[in-house]
Amino acid sequence: MTAPASETLVDYDEAIGRYDPVLGIEVHVELGTVTKMFDGAPQTFGDAPNTAITPVSLGLPGALPVVNGTAVEYAIRIGLALNCEIAETCRFARKNYFYPDVPKNFQTSQYDEPIAFDGYLDVELEDGEVFRVEIERAHMEEDAGKNTHVGGSGRIQGAEYSLVDYNRAGIPLVEIVTKPITGVGARGPEIARAYVSALRDIFRATGVSEARMERGNVRADINVSLRPSPEAPLGTRTETKNVNSFRSIERAVRYEISRQAGTLDGGGTIIQETRHFHEDTASTSSGRVKSDAEDYRYFPEPDLVPVAPSREWVEEIRASLPELPAVRRKRLQEEWGVSDPEMRDLINAGATELVEATIAAGASAAAARKWWMGELSRTAKNDGVALEDLPVTPAQIGELQQLVDNGRLNDKLARQVLAGVLAGEGSPEEIVTARGLEVVSDEGALEQAVDDALAANPDVVEKIRGGKVQAAGAIVGAVMKATRGQADAGRVREIIMEKAGA
Amino acid sequence: MTASTELTRLSAAELAERLRAGDVSSTEATRAHLDRIVAVDGPVHAFLNVDADGALAAAEKVDADRAAGKDLPALAGVPIAVKDVVVTHGQVTTAGSKMLEHWVPPYDATVTRLLREAGMPILGKTNMDEFAMGSSTEHSAFGPTRNPWDLDRIPGGSGGGSSAAVGAFEAPLAIGTDTGGSIRQPAAVTGTVGVKPTFGGVSRYGLIALASSLDQAGPVSRTVLDSAMLHEVIGVHDPRDSTSLPDPATGLVEAARRGDVAGMRIGVVTELGGEGYQPGVRASFDHALELLAGAGAEIVEVSCPNFEYALAAYYLILPAEASSNLAKFDGMRFGLRVEPDEGPITAETVMAATRGAGFGDEVKRRIILGTHALSAGYYDAYYGSAQKVRTLIQRDFNAAFEQTDVLVSPTAPTTAFRFGEKVDDPMAMYLNDVATIPANLAGVPGMSLPSGLSDDRLPVGFQILAPARADDRLYRVGGALERLLTDEWGGPLLDRAPELTTQEVTR
């Protein structure tokens with residue numbers, strides 16, 4: 001799918017020159033509870049379809065929901081981390097709509113009584129500027145199942161049939177809704193991205209979710225509207241649904257600003273509608289027009305009693321919250337002595353936890369950072385996996401670095417050992433033993449190797465003696481080759497100079 | 001009367017006693033009831049399906065356990081019938097609808113599980129108005145149930161099957177569900193006892209929901225004591241139902257046995273007994289009051305002014321919740337699936353065709369009403385107002401219970417009407433539940449027990465209402481009144497019902 005040809009795009013900077021963009025972001029996060037929101041079915045990922053289900057998650061006749069207490073606790077954790085008020089009492093409501101992936105044909109959600117409301121999140125941008133995003137509310141709800149449309153283009157139109165997997169149906173979600181985000185100017189796309197990224201970090205830090213974007217644990221709906229000036233009333237907004245990578249969030253905002261400016265410049269009006277984001281073209285296309293949106297016929301869920309978290313419990317949860325990402329980041333940056341851009345690189349690579357654990361395993365901050373941001377980042381990129389999904393642990397990197405620090409490995413050998421670890425050959429120590437990769441530290445053996453190399457290259461010896469010290473490199477290379485790279489190159493050069501030097 | 005027929009005339013308490021004494025086995029008792037079903041259920045049609053094998057297997061298990069000297073629950077071995085809105089694992093459960101004609105649930109309702117754990121053989125599933133909508137059991141998709149007192153008359157609804165099964169001696173006990181009177185009103189018109197416990201007193205898990213905030217399962221029996229015994233079996237806390245009360249129902253059997261009203265203040269609700277009440281119904285009710293006063297109760301008149309809005313509020317709240325609860329019947333995952341005759345086959349067209357074919361008129365009427373009542377722009381005027389009325393009715397009850405221990409009224413304004421008499425006039429049908437509905441809106445418990453016969457020789461029900469979680473008072477007053485009345489009659493009221501023509505049972 002590409003953008004319809006009729007859409008006129010305005011250059012981004014021109015669009016920003018003429019209009020004031022306003023954003024609104026709704027983020028859904030799947031909570032990492034053991035069981036589902038309203039029943040005892042296990043929460044799993046990647047299982048055979050329709051195996052993690054009960055009569056409740058299938059919406060069978062007679063089945064009733066019961067609220068998962070851990071999900072409520074997690075929702076409160078999120079609310080507190082976002083500086084929200086926590087409701088003294090709140091209720092669930094039914095959002096009625098018909099779709100085969102919604103087993104009961106209504107979603108149990110919170111409507112006019114969310115568990116958390118009126119908060120904010122301070123978001124740090126690339127250049128260190130802090131932008132405050134006001135939070136309207138955070139409420140609890142359940143996820144739907146997953147439809148797979150078979151045949152045709154894979155979309156529902158033209159499909160031969162559709163399959164439904166209810167394993168995801170009923171997984172607890174928290175939806176976080178911002179107030180209109182104003183004053184973003186040209187930085188709208190960056191702010192949107194940074195906000196969702198900051199949320200993701202909070203989800204992880206508070207332990208409420210693994211927050212894996214690629215698994216759809218975190219999904220963002222992005223609202224964009226334009227107005228002629230910051231003083232003008234809010235313009236009509238569009239909502240781009242289910243954007244689930246940071247890059248896409250940034251691109252979706254950018255595209256909508258350019259597209260809406262094009263429509264407005266041409267004297268057109270923006271239609272309130274949902275839009276789909278297309279990864280391949282970085283564009284959005286019209287989905288459902290909201291003006292004939294369904295009437296959800298909300299009403300209080302009569303199968304559930306109100307949720308009334310006691311103030312004592314809320315305070316206990318507040319007291320048990322871990323150090324939040326922004327605070328932690330500052331602390332680590334100071335401890336590790338890294339610059340702002342270096343710290344951002346670590347964060348963007350998802351490496352802070354890994355580096356921290358590697359330091360705990362005995363490596364220096366510089367070494368830990370070097371491994372994860374260097375060799376391992378390259379490997380992850382080549383393999384197309386997240387850094388944390390590489391088959392190597394921070395403890396193993398720590399062990400590897402200690403071998404280097406003790407002089408038993410040089411850098412080149414260490415990289416070979418690491419390749420062995422990644423290939424699943426065992427711990428660094430085991431690989432050193434199995435592959436015989438240790439640095440040759442036996443002076444006698446090194447001297448013998450140098451003698452052999454010098455004897456084989458009398459012309460080079462002449463050059464060195466003639467003052468061409470750089471010619472020694474050829475001898476170093478020969479020695480390294482003879483010792484299969486296991487010699488300490490610096491020491492080899494010293495021995496050469498002792499023996500051949502003037 | 002053969003020995004086998006005699007077993008079916010016993011009350012559940014008497015049968016339990018005989019089982020405990022070893023005079024009779026559960027297998028014999030269960031077989032006697034199965035025989036009675038074969039003999040009389042053709043014309044009565046109380047059952048939608050009978051599970052003879054399952055019931056006999058459960059009976060044999062109880063007999064074996066008893067022979068092994070195990071300590072068994074009070075009602076172990078006593079067979080029971082279950083309204084077909086309660087799901088039974090492995091046994092077809094239809095809720096009286098074509099939508100679920102062949103649906104075999106993969107799980108048990110909590111009530112079903114409790115009955116099994118109590119060693120009670122489940123004879124079969126009883127007929128009902130489709131999805132429990134109706135006051136006559138004429139709205140069952142599988143044909144009506146007939147009143148054992150007069151086969152030309154309705155057995156009440158929606159639980160007409162359960163009451164008729166007990167009234168026709170096909171089962172000593174049954175489970176009903178009461179959303180606006182569906183246990184009490186059928187009990188009234190069939191001369192049986194029916195109890196709607198306090199909301200949350202019996203788990204709703206596995207009850208196919210009509211209106212979640214009103215639905216309540218409860219006992220159907222021939223005596224007050226039998227209801228008390230069954231109530232104690234099913235009235236336990238269930239973590240699978242978040243509205244389930246934390247404390248189990250206790251002291252009910254004791255209250256029924258004690259049956260003493262001396263010093264109790266019994267309130268007669270002015271608003272439940274005026275216009276529209278059949279004279280014979282009123283006379284029977286007044287006579288019962290005299291008996292209670294004679295036994296030492298103080299009779300006081302109380303007014304519940306907001307009860308006049310109860311019916312209107314009920315017929316907004318019920319359809320609203322029902323429209324949402326019934327949304328799952330869409331032909332996608334279970335039950336009936338109908339594809340459209342022409343045009344494209346999409347999720348929407350299959351849902352439409354399935355619902356068109358699967359739901360009856362009364363169900364469609366209420367879904368449309370409920371959908372409208374919840375729709376944007378109408379919510380406040382309809383559903384919101386109805387919820388406010390509900391609060392006012394709760395206040396009426398609270399005020400009335402400050403002056404009284406229980407409230408009483410006739411259960412239904414009339415005796416059983418004839419088939420077809422009201423089926424084309426939904427409002428007239430709805431008025432039949434005018435006395436029972438306030439209890440559901442307020443969540444308070446209620447009982448109906450027979451107070452005698454009206455001029456038309458048909459049974460009249462006497463309703464007792466108690467404050468929430470004071471279910472024991474129903475049994476205290478009910479037990480007392482039942483004793484006074486049976487003394488007067490010289491035996492149970494059901495002994496006066498005409499004999500049903502029976503078919504020879506051959507085995």
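Because the structure is predicted, anything quoted here is derived from the model rather than measured. Chain letters run A, B, ... following the sequence lines, proteins first and then strands; every chain starts at 1.
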Side chain, backbone, both or neither: which part of B:Thr346 has an atom under 4.5 Å from a heavy atom of chain A? neither
For the side chain of A:Arg91 and the backbone of A:Glu301, is there at least one donor-acceptor N/O pair under 3.5 Å apart? no
Check: B:Ile122 main-chain N/O paired with B:Asp51 side-chain donor or acceptor under 3.5 Å: no
Best-contacting candidate, A:Phe106, A:Phe38, A:Phe98, against chain B by heavy atom pairs under 4.5 angstrom: A:Phe98
Check whether B:Ala109 gets within reach of chain A through its side chain, its backbone, both or neither, counting any heavy atom under 4.5 Å. neither
For chain B, which candidate among A:Val67, A:Asn96, A:Val164 shows the most heavy-atom pairs at distances under 4.5 Å? A:Asn96
Give me the ring orientation class for B:Tyr379 and B:Tyr383: parallel if the planes are under 30° apart, tilted from 30 to 60°, perpendicular past 60°. tilted
Whatever's closer than 4.5 Å to a heavy atom in chain A on B:Asn325 counts as both
Does B:Tyr205 have B:Arg240 sitting over its ring (NZ/CZ under 6.0 Å from centre, angle to axis within 45°)? yes
A side-chain contact here means heavy atoms from C-beta on lying under 4.5 Å apart; do B:Phe142 and B:Glu101 qualify? yes
Side chains of B:Ser213 and B:Ile317, heavy atoms from C-beta outward: is any pair under 4.5 Å? yes
For the pair A:Glu175 and A:His139, evaluate side chain to side chain donor-acceptor pair (under 3.5 Å) and give the outcome as yes or no after the intermediate values. CA-CA 5 Å; A:Glu175 179 177 350; A:His139 69 252; 3.3 Å; yes
Answer with side chain, backbone, both or neither: which region of B:Pro239 has an atom nearer than 4.5 Å to a non-hydrogen atom of chain A? backbone
Less than 6.0 angstrom from the centroid, inside 45 degrees of the normal: does A:Lys95 satisfy that with respect to the ring of A:Tyr296? yes
Pick from B:Ser242, B:Ser375, B:Ser323 with the largest number of heavy-atom pairs that fall under 4.5 Å of chain A: B:Ser242
Look at B:Met351, B:Arg355, B:Glu348 and state which one has the largest set of heavy-atom pairs under 4.5 Å with chain A. B:Arg355
Per-residue contact mode, A:Pro65 against chain B (heavy atom under 4.5 angstrom): backbone
Under the 3.5 angstrom rule, does the side chain of A:Arg168 hit a backbone N or O of A:Gly145 as a donor-acceptor pair? yes
Please classify the contact of B:Leu207 with chain A as side chain, backbone, both or neither, using a heavy-atom distance under 4.5 Å. backbone
Applying a heavy-atom distance below 4.5 Å, give me the residues of residues 81-89 of chain B that approach chain A, sorted by number. B:Val87
Tell me, for A:Asp303 versus chain B, whether the close heavy atoms (under 4.5 Å) come from the side chain, the backbone, both or neither. both
The reported gap from OG in A:Ser310 to CD1 in A:Ile86 (rounded to nearest 0.5 angstrom) is 12.0 Å
Any idea how B:Phe329 and B:Phe131 line up, ring-wise: parallel (<30°), tilted (30 to 60°), or perpendicular (>60°)? tilted
